2 protein chains.
Amino acid sequence: MFTLAEENYLKTIYHLESLFGEGVSTNAIAEKLETKPSSVTDMVQKLADKKLLTYIKYKGTSLTDLGKKEATNIIRKHRLWEVFLLEKLQFQWHEVHEIAEQLEHIQSEELVDRLDAFLGYPTTDPHGDPIPDKNGYFKATDKKLLASMKVSEQGICVGVKDSDDEFLKYLDKKNIAIGSMITLLAKEDFDHSLHIKVDDHSFFITKAISENLFVKSHESE
Amino acid sequence: MFTLAEENYLKTIYHLESLFGEGVSTNAIAEKLETKPSSVTDMVQKLADKKLLTYIKYKGTSLTDLGKKEATNIIRKHRLWEVFLLEKLQFQWHEVHEIAEQLEHIQSEELVDRLDAFLGYPTTDPHGDPIPDKNGYFKATDKKLLASMKVSEQGICVGVKDSDDEFLKYLDKKNIAIGSMITLLAKEDFDHSLHIKVDDHSFFITKAISENLFVKSHESE
DNA sequence: TTATTATTTTAGATTTGTCTAAAAATATTT
DNA sequence: AAATATTTTTAGACAAATCTAAAATAATAA
């Protein structure tokens, strides 16, 4: 249906739009896709011709409903494959994204449906992000940053904010994964580091780490 | 490492070479890939520059060891994905090839190794063809055509010769699959049709069908 | 408000993989 | 062996997606 390049543009514009609102700038897209602004202008005009987005010169672009539908479908595929890689093939957290970037472009609705069923219709991916259903519908999760927890509160790890490779490796090393039960033992006011317990093991994490990990309150479950 | 087009050429040339011997003709490649001979000439020269094959003008091409290694790796991936689709996602026989054509191009050695392990290191794919190991090594199966069986002999279905879509649908309908036990009840000399028993069900098949189904003698197992 | 800076677009070139049409080489007939 | 047919290659063109360099527009500062 769409080329690889087109799909990557749609996905990127979708993400930028949900982060910063309508009217995504040419430079923002170029930076995310590691390409030149002039290339973005070309492609955006092409996608506008195909009614996947609206584009006003010098004013940025916004996806149409059709474009959003395509984008969420690609995101659905990406996240389902991530679940597959992690749960079925025992990949580690930081390894799944790159491979899912390729798998998300495989064209077969039947395949996606069967994969979905095979995985037991998961609703979130290994990063805690929701997996859209066949119609592109999904509800935002009630996740919050580990940094916002109160002392003695318990939370279940549901994802990460920035999936930096080094960070994901750190999590793997510390045995923090989706579903890990995290208890906040103490807060250090001086540098905002946290003393936490994961499973049976307790240790300290820096402020930066705590602001990059999403948890779901254990009470709310 | 290689582009999609390059990989498809390598795979096609490998298949043609194993069928008809060294020195694959430009037209043969063009026909298989549904492209023009002039396009083949261009690509073949490019692949020769990359030392993946040897090419002599007007004389055809043959894969180098490097080219064969690449080709068998793609075939390995294709066949592993076919097993996955059939065994894990419950696809039918005739549906797997087209999707595997896409999946075979996913780049990740780690992924292939883990998939291999996840599937239990299968040695043949759903068409009865051997799956090369990591080093490209595989041994030819001792399969033979159903048409060559003797009356009252038993065989296990191991694959098909031409995987025509209609034919695979026919097999699905008749409940003939990899591993099916087939007993030859009788041969009709007049039209060479066969009376066979599959599991508990017996019926007639035409000569054409019997010459397109591979079995492995049950004694040899 | 004018000058300067940053962003975005246009124009033209490049690469990959393809095509058509014509030329060259090889194979087959007569 | 010459004529004909087939196969293969070359030459030149094209679409997709990208780039560089220059021009146009918008935003910011003096």
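From a predicted model like this one, the values you see are computed outputs, not experimental measurements. Residue numbering restarts at 1 for every chain, and letters A, B, ... go by the order of the sequence lines.
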Distance in angstrom units between [X] [atom1] and [N] [atom2], rounded:
| X | N | atom1 | atom2 | result |
| --- | --- | --- | --- | --- |
| A/L4 | D/dT18 | CG | C1' | 14 Å |
| B/L33 | C/dC19 | CG | P | 10 Å |
| A/D42 | C/dG12 | CG | P | 14 Å |
| A/N8 | D/dA16 | CG | P | 17 Å |
| A/M43 | D/dA15 | CE | C1' | 12 Å |

(request) Please determine if A/D65 and A/K51 form a salt bridge, counting it only when a charged side-chain N lies under 4.0 Å from a carboxylate O. (result)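 Answer for the salt bridge query: no.
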(message) So, applying side chain to side chain contact (heavy atoms under 4.5 Å, CB included) with A/K169, which one of A/Q92, A/H94, A/E95, A/K174 is it?
(response)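 Of the listed residues A/Q92, A/H94, A/E95, A/K174, the side chain to side chain contact (heavy atoms under 4.5 Å, CB included) partner of A/K169 is A/H94.
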(message) Given B/V44, which partner from the list B/T26, B/D49, B/L53 fulfils the side chain to side chain contact (heavy atoms under 4.5 Å, CB included) test?
(response) B/L53
Which protein N or O atoms sit under 3.5 Å from an N or O of nucleotides 7-9 of chain C?
from, atom 1, to, atom 2, distance (Å)
C/dT8, OP2, A/N27, N, 2.9
C/dT8, OP2, A/N27, OD1, 3.2
C/dT8, OP2, A/N27, ND2, 3.4
C/dT9, OP1, A/Y55, OH, 2.3
C/dT9, OP1, A/Y58, N, 3.0
C/dT9, OP2, A/T26, OG1, 2.8
C/dT9, OP2, A/T41, OG1, 2.8
C/dT9, O5', A/Y55, OH, 3.3

(message) Side chains of B/D125 and B/H78 only: does a donor on one sit below 3.5 Å from an acceptor on the other?
(response)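 Side-chain D/A pair, B/D125 to B/H78: absent.
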(request) State, without any angle test, whether B/D191 and B/S193 hold a side-chain donor-acceptor pair at a distance under 3.5 Å. (result)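 Per modelled atom types, B/D191 and B/S193 side chains form a pair under 3.5 Å.
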(request) Report yes if a side-chain nitrogen or oxygen of B/Y9 is closer than 4.0 Å to either non-bridging phosphate oxygen (OP1 or OP2) of C/dT18; otherwise report no. (result)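 Yes, B/Y9 has a side-chain N/O under 4.0 Å of OP1/OP2 on C/dT18.
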(message) For B/F84, give me all partners under ring-ring contact (aromatic ring centres under 6.0 Å, His included), at least two apart in sequence or on another chain.
(response) A/F84, B/W81
